[in-house]
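The chains referred to below are lettered A, B, ... by the order of the sequence lines, with proteins before strands, and numbering in each begins at 1.
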Protein chains: 2
Amino acid sequence: MGRKDANQRTDHVLAAIRDAIIARRLRPGQRLRELELAELFGVSRTIIRAVLQQLATAGLVRIEANKGASVDLPSHDEIAGLFQARAIIEMGIVARLCSTTHPDLIQRLRAHIELEQSAIDASDYRQAIALLGEFHILLAQAAENESVNAFYRSLVLRTSLIVSAIEAPADSTCRTEEHSELLDLIEKGNVQAASMCVWNHLQEIQTSLRVAAEKGEQDYHPLQHLFLRESLAK
Amino acid sequence: MGRKDANQRTDHVLAAIRDAIIARRLRPGQRLRELELAELFGVSRTIIRAVLQQLATAGLVRIEANKGASVDLPSHDEIAGLFQARAIIEMGIVARLCSTTHPDLIQRLRAHIELEQSAIDASDYRQAIALLGEFHILLAQAAENESVNAFYRSLVLRTSLIVSAIEAPADSTCRTEEHSELLDLIEKGNVQAASMCVWNHLQEIQTSLRVAAEKGEQDYHPLQHLFLRESLAK
DNA sequence: GCAACAAAAAATGTATACAAGATGAAATCG
DNA sequence: CGATTTCATCTTGTATACATTTTTTGTTGC
């Protein structure tokens, strides 16, 4: 019924399921049955299908023909590809930033790094990890390009899902010195070194994640038959 | 009715409409009414809606709540953003290619440039334009990253729609010498210069397109009430 | 004539009905 | 007892029906 609040239900359901995936209340591999979700949200399957399709194009959900949808579970190769993609995008952005000067931008990023450092000093690891990840988002925003931004954000979203999925230890996240070093290189306009810095930085994260993943793979057992109702309750 | 050929109808309709947009049989701004399309393809609105939604996420179609879908008509700012995005991605790819040697890849791209040159020499402009555009696709493929590739292809698709939409003259497309120069720089591993080359290259295309667009804007009058049936006939 | 309003037509948003593939358990055969 | 087939059930795929919004049309008053 084309109501005044058109697509509002769709958007609400979309946000709810996406948030549940991000918060890992819905684990990779979890099946998402249309009728179940429809009843849970009090809407029809029509809306659920639209939502699932959108989540699938965002790469959060996998849909198989005649088999239905489930939270996406990327392979090791796909994970490597996602990190590589992030590196490529960031190198492009860095190259752009190197060619022109952005004093205010650099200053803002430096301020962010100070936040990182003080969180680390205060041993607030939860906050520190969040800030370390946010640095990359800010860097991408610096490109001031909507398309690139949206794409990069979707890459970060998917990679951070992986990070949290394998309960990565703190040392497999960014190091604040490298962020600082990158800013120095950008300021100097050294594209060559800045690119390498970015590449190595993301490469490090990825390899340390792979190690953590392989270590944790033994005690990984997908909790089957999770209750959607609880998983989706915010 | 969940049939053996699941999603086949959807895919067929999707391809048909997308091809029509690419081939400019469907012009930007053209309204896409669900019932009309449904009857044309002999399917239900359900399928048409799924297709339109997918086209919308691909950026080819714009959907307004309660108003329906139409072929996307990007603003000048959006066009600039798309070209800038292409440049950023290509700079990232180029930075990647510079850091390691890819003799076979360089050779393939050089072979492609020879094709460009011979098409130009033979005054086969149609072929030349296609080849000049294809160079960028090949370059993107060189990154060997599925995510980046898919994203870049969608950017190229949307920008080439614009190129054909404004009936750009030949001199607003790539120049083969610049492609050759870029390869030289990659081979030397000069990230700095290669990045600038890419940026300037796409900047040139964009500005010459803008000029062409402004020139052609007078005699642009959207053919209203085009017949969908004819537009979609392959 | 034309501006404003009212009713009708058309188009989209959502729910539901039904068809067909997928799944799993019971039944059958070796 | 184990492998295989069959059938009941579940789930997805598609069509259609109905509600609500938008757009068009027609009419009235000035």
_Residue closer to the 5' end of DNA chain C, A/Lys67 versus A/Arg45 (nearest nucleotide)_ =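 The residue mapped nearer the 5' terminus is A/Arg45.
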*With DNA chain C as reference, determine whether A/Gly42 or A/Ala65 sits nearer its 5' end, using the nearest nucleotide of each.*
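Nearer the 5' end of the strand: A/Gly42.
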*Where the side chain of A/Asn66 is defined as all heavy atoms beyond and including C-beta, which of D/dT12, C/dT16, D/dA15 is the nearest nucleotide?*
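Nucleotide nearest to A/Asn66's side chain: D/dT12.
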*Look at the side chain of A/Arg33 and decide which nucleotide, out of D/dT11, C/dA22, D/dT14, has an atom nearest to it.*
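Nearest nucleotide to the side chain: D/dT11.
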*asked:* Both B/Arg31 and B/Ile47 contact DNA chain D. Which one's nearest nucleotide lies toward the 5' end?
replied: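 Mapping each residue to its closest nucleotide by heavy atoms, the 5'-most match is B/Ile47.
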_Toward the 5' end of DNA chain D, by each residue's nearest nucleotide, A/Leu32 or B/Thr46_ =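 Looking at the nearest nucleotide for each, A/Leu32 comes out on the 5' side.
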Considering only distance and modelled atom types, tabulate donor-acceptor pairs under 3.5 Å from the side chains of residues 82-92 of chain B, sequence neighbours left out.
from	atom 1	to	atom 2	distance (Å)
B/Gln84	NE2	A/Ala143	O	3.3
B/Arg86	NE	B/Tyr152	OH	3.3
B/Arg86	NH1	B/Thr159	OG1	3.0
B/Arg86	NH2	B/Tyr152	OH	3.2
B/Glu90	OE1	B/His136	ND1	3.4
B/Glu90	OE2	B/His136	ND1	2.5
B/Glu90	OE2	B/Tyr152	OH	2.3

Return the value, rounded to whole Å, for the distance between atom [atom1] of [X] and atom [atom2] of [N].
| X | N | atom1 | atom2 | result |
| --- | --- | --- | --- | --- |
| A/Leu35 | C/dA15 | CG | P | 13 Å |
| B/Glu64 | D/dT21 | CD | P | 17 Å |
| B/Ile48 | C/dA11 | CD1 | P | 14 Å |
| B/Arg9 | C/dA20 | CZ | P | 11 Å |

_Please tell me if A/Ser44 has a side-chain N or O lying less than 4.0 Å from either OP1 or OP2 of C/dA15._
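For C/dA15, OP1 or OP2 has a side-chain N or O of A/Ser44 closer than 4.0 Å.
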*Are more than 12 heavy atoms from other residues, nucleotides or ligands located less than 6.0 Å from atom CD of A/Gln203?*
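Yes.
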_Non-neighbouring partners of A/Arg96 that pass side-chain hydrogen bond (donor to acceptor under 3.5 Å, both in side chains), sequence neighbours left out_ =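 Counting only residues at least two positions away or on another chain, A/Arg96 forms a side-chain hydrogen bond (donor to acceptor under 3.5 Å, both in side chains) with A/Ser99.
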*Taking the six-membered ring for Trp, are A/His112 and A/Phe135 parallel (under 30°), tilted (30 to 60°) or perpendicular (over 60°)?*
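Tilted, since the angle between the ring planes falls between 30° and 60°.
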